[in-house]
Amino acid sequence: MKKITIALAGNPNSGKTTIFNYLTGARQHVGNYPGVTVEKREGKRFYRDYEFTIIDLPGIYSLTAYSPDELVSRQVLLGEEIDVIVNIVDATNLERHFSLTVQLKELGLPLVIGLNMMDLAEAEGLKINFSLLSQLMGHPVLPVVGTKNQGIDQLLDAAISLKEGDFSFSERFIRYQNGVENQVENVKKLLPKSGVKKDRYGVKRQEAINRWTAVKLLENDPEIVNQMKKRPGSDALLSQLVKSRHAIREQFGEDPELLIVDSRYAFARGAVREGVVFPGEDRVSLTERIDNIVLNRVLSLPIFLLTMWLLFQMTFTLGQFPMEWLDQGISFLADTLNALLPDGLVKSLVVDGIIGGVGGVIIFLPNILLLFLGITFLEATGYMARAAFIMDKLMHKMGLHGKSFIPMVLGFGCSIPAIMATRTLENPRDRLITILVVPLMSCGARLPVYILLAGAFFSPGMAGNVIFSIYLVGILLAVLMAKAFRTWLFPGQSEPFVMELPVYRMPVWRSVLLQVWERALLYLKKAGTVILAASVLIWALFTFPMAEEGKDLDPAAQMEQSIAGHIGHGVEPVLKPLGFDWKTGVALLAGFAAKEVVVSTMGTLYSIEGGESTDPAEAEYQKNFAERVKEQSGFTPLTAYVLMLFILVYIPCLSTVAVVYRETNGWRWPLFLIFYTFTLAWVLSFLVYRAGLLLGLGG
Amino acid sequence: MKKMTLKDLSPGQKARVARINRTGAIGRRLVEMGFGPGCEVKVERYAPLGDPMEIKLKGTHISLRKIEAEMVEVEQEG
């Protein structure tokens, strides 16, 4: 079977993902490009006598070196694996989308241009002359309706005939002004001779790449200029470059970079002007009518908040039902195995370690599925860009992007889906900062700990205020830390917010569901394995060493003599200045598995029987708890409050750490997250505790 | 005299792009999004919190922050 490798390229909002999903169905694979957090999506398709490998490039506006998405796309396109580029463009928005097409043309590879959303273009009254456009662009231009699976196979037919035909490179470049062309020649002559790539298109391809490199050098492309600087003997080239750029600036009174970009755009504009007839008057489109309401000065905020509320409710309230079923299923499994297996280490490992760990992984699955259903839907309709538009001012003040708002809100439910939701942020710096501050939004798992501590140490009238203040501290810290990270970790100009507000569309369900499924699978595979491994590790810490044969220790004593207990004693000097003792240390260690576990661990450590009630939310249990903790660890309301603050901030649960590992593609950021949250928690707790003591609140 | 920029227009006003006064990533992005010299732009609205702004440009809608709008020099007709 013959093979063809296709790169699928296009702007964001070109409908490329839908087409990719139609082409490959479930035969796709999602990974990461080495060293960056850009997703690599690849799929297979068997068509006619060919096996197609389709590489779905990230959605890009351009081929500059300014964003990782663009850099990665460029590397793929300049490499030797691609036979044909298939460029998907929005037929209703040809000028802008052609500006990328022109850049793809310059790479010298065979190119098929698919005009997507032809149904909408026709509805708008656009008349497109395909043969003229093909002639002007120098590559075949074909009509496509991605949402209805029309014209997609024809793109593959065109790719086959380009691959099999006699593809010629000449006459396909856009020509710049003569003054610029002269400088392109001057630079090209001095390019290093080495590195000539021989691929199936031979020397001519190298000619195309040389021209492309020369143009990029004149554009002052940071990546290409650096590459040249690193080569020995490039002095002549570099000094010619300075001269050439100066000459262009002299002749045209414009920066060469903007001049070249504008020439490309002018070429695209010219082609559209000739090949497309637009309807006469400019009528108010449906999108504009929707936006008049959705982006209305008065209504936009309530509508946005309502949407957020619905998304939140759907994820967490609706998600609670399947979560409970899963929880019951897991408990049932644990009980069954508990009864079947003989007492001993194996039983403990299976029931407490493995089932606990697996349970910890799949319990989040309903949340993640529902959340991504909501987010993918909002993105596919076009509302997500509006949400960013509405919230950008607020978020920009914090050093973030309009789209950071959604993950931050979701953080109140659970950090895991919230961190996964940062995928909607295209810029990696915005994304990282958002990931790093999301855990400061107090998640649902921390609430039971607050309820217990506030209920035990504060009067019923105060408890609510106390908990509320913890949430406020979390928000405040998130704002401050975002600002700090932007200033120190990622200094420099903030990213441009220039983006399209796309036309509203009905989403294609098949494509939405496929994307949701893909997310869930990634979570299970990558984060799941880390969560499971860490759960077993924590189980081991609390289990070993075991009590000596024949000596039956009560649970509290067993916990004390375990490794975890020793760690608790070990870290006591660090926690002492905050008013905590070793038992708190053990509970905090257990809280790393999941923050709500702090409650049950403290219950065990302080041997709280609770009288009638074993429910930590009940007043009687809380009273009992307060007495025990006071008596054994010397807790005061101040210590309890400081402990709440510490639990709010310190090391997010290991599932969160695992998701950060998965989302940032390495250990660097999760380790940084652990380090900074722990330091912040300690410093904050220390200051509050000491200030409280000075104010005489320690009694 | 300070040149007029996109930022100085109020909702409903139209103008023509004169030039982009910035290079680098932002300047390029603006040109690639269609803010080339000579092109007609219309301010549709400001976001409810006052920033960013929405521009209509060749039948499509672009949002950009005021600091970016300041980089687009415009001329008003008539």
Side-chain angles (χ1 to χ4, degrees), chain A residues 61-62 64-67 90 92-96 99-100 103 124 219-220 222 254-258 260-262 264-266 268-269 272 278 282 285 287-288 291-292 295-301 304 385-386 388-394 396 402 493-503, chain B residues 3 5-7 9-74:
Chain A
Y61 288 111
S62 179
T64 62
Y66 293 116
S67 88
D90 176 353
T92 63
N93 196 352
L94 274 179
E95 249 184 69
R96 169 153 342 106
S99 138
L100 175 67
Q103 294 183 61
E124 279 182 24
E219 285 181 67
N220 203 17
E254 180 76 88
D255 191 273
E257 186 180 345
L258 290 185
I260 291 173
V261 178
D262 196 48
R264 289 199 190 108
Y265 202 92
R269 190 163 49 213
V272 173
F278 289 91
D282 200 14
S285 65
T287 295
E288 280 171 347
D291 272 344
N292 283 341
L295 293 183
N296 176 290
R297 207 157 245 283
V298 183
L299 293 175
S300 57
L301 275 173
F304 170 73
R386 271 85 184 172
F389 179 74
I390 292 168
M391 288 320 288
D392 186 64
K393 178 154 190 204
L394 193 66
H396 191 55
Q493 218 168 24
S494 70
E495 293 303 312
F497 188 71
V498 189
M499 61 169 201
E500 202 180 334
L501 295 177
V503 174
Chain B
K3 285 186 181 128
T5 68
L6 201 51
K7 188 186 161 235
L9 301 178
S10 29
Q13 276 189 302
K14 287 182 185 176
R16 249 172 221 294
V17 176
R19 66 184 283 266
I20 305 289
N21 62 22
R22 196 74 55 97
T23 58
I26 299 186
R28 289 190 63 120
R29 173 64 85 86
L30 286 168
V31 176
E32 277 160 3
M33 292 301 275
F35 291 95
C39 129
E40 194 186 78
V41 289
K42 180 186 168 204
V43 177
E44 285 278 315
R45 59 171 64 82
Y46 282 88
L49 303 175
D51 197 19
M53 59 200 290
E54 182 187 342
I55 307 292
K56 186 168 177 182
L57 167 86
K58 292 167 190 151
T60 64
H61 298 259
I62 310 282
S63 105
L64 71 172
R65 292 186 184 133
K66 282 180 182 169
I67 43 167
E68 287 138 12
E70 236 175 347
M71 300 169 190
V72 184
E73 289 175 11
V74 294

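Throughout, a chain's letter reflects where its sequence line sits, starting with A, and its residues are numbered from 1.
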S.K.: Looking at CG of B/Leu64 and CD of B/Glu70, how far apart are the two atoms once the value is rounded to the nearest 0.5 Å?
M.R.: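 CD of B/Glu70 is found 11.0 Å from CG of B/Leu64.
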S.K.: Can you tell which part of A/Phe389 gets under 4.5 Å to a heavy atom of chain B, answering side chain, backbone, both or neither?
M.R.: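 Contact with chain B: backbone and side chain both.
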S.K.: With distance as the sole criterion, is a donor-acceptor pair present between the side chains of A/Arg96 and B/Thr60 under 3.5 Å?
M.R.: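 A/Arg96 vs B/Thr60: donor-acceptor pair found between side chains.
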S.K.: Can you tell me which portion of A/Leu394 sits under 4.5 Å from chain B's heavy atoms? Options are side chain, backbone, both or neither.
M.R.: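 The answer is both parts of A/Leu394.
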S.K.: Within the 4.5 Å heavy-atom criterion, are A/Leu501 and B/Ile62 side-chain neighbours or not?
M.R.: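 No, every pair of side-chain atoms sits at 4.5 Å or beyond.
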S.K.: Return the option, out of A/Ala268, A/Ser62, A/Ser300, with the maximum number of heavy-atom pairs under 4.5 Å with chain B.
M.R.: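 It is A/Ser62.
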S.K.: Go through the atoms of A/Glu95 and report whether side chain, backbone, both or neither lie under 4.5 Å from a heavy atom of chain B.
M.R.: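 Just the side chain, heavy atoms under 4.5 Å.
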S.K.: Picking from B/Pro52, B/Ala47, B/Gly36, B/Ala69, which has the most non-hydrogen pairs under 4.5 angstrom with chain A?
M.R.: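 When all of B/Pro52, B/Ala47, B/Gly36, B/Ala69 are compared, B/Pro52 has the most.
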S.K.: Please find the pair of heavy atoms, one from A/Asp291 and one from A/Arg386, that lie closest to each other, and give the distance.
M.R.: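 Closest heavy-atom pair between A/Asp291 and A/Arg386: OD2-NH2, 2.9 Å.
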S.K.: Non-hydrogen atoms of chain B under 4.5 Å away: do they reach the side chain of A/Arg264, the backbone, both or neither?
M.R.: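 Contact with chain B involves the side chain of A/Arg264 alone.
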S.K.: Given a strict heavy-atom distance threshold of 4.5 Å, which part of A/Asn220 is in contact with chain B: side chain, backbone, both, or neither?
M.R.: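 No part of A/Asn220 comes within 4.5 Å of chain B.
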S.K.: How about B/Lys3 and B/Asn21: do any of their side-chain heavy atoms sit closer than 4.5 Å?
M.R.: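 No; the side chains remain at least 4.5 Å from each other.
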S.K.: So, are B/Lys42 and B/Glu44 salt-bridged, with charged N and O less than 4.0 Å apart?
M.R.: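 Result for this pair is yes, salt bridge flagged.
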S.K.: Strictly distance-based, threshold 3.5 Å: is any side-chain N or O of B/Lys58 a donor or acceptor partner for the main-chain N or O of B/Cys39?
M.R.: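 No, because the side chain of B/Lys58 does not come within donor-acceptor range (under 3.5 Å) of the backbone of B/Cys39.
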S.K.: Is it the side chain or the backbone of A/Asp262 that comes within 4.5 Å of chain B heavy atoms, both, or neither?
M.R.: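 Both parts, backbone and side chain.
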S.K.: For chain B, which of A/Glu219, A/Gln103, A/Arg269, A/Glu254 has the most heavy-atom pairs under 4.5 Å?
M.R.: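 Going by pairs under 4.5 Å, I would pick A/Glu219.
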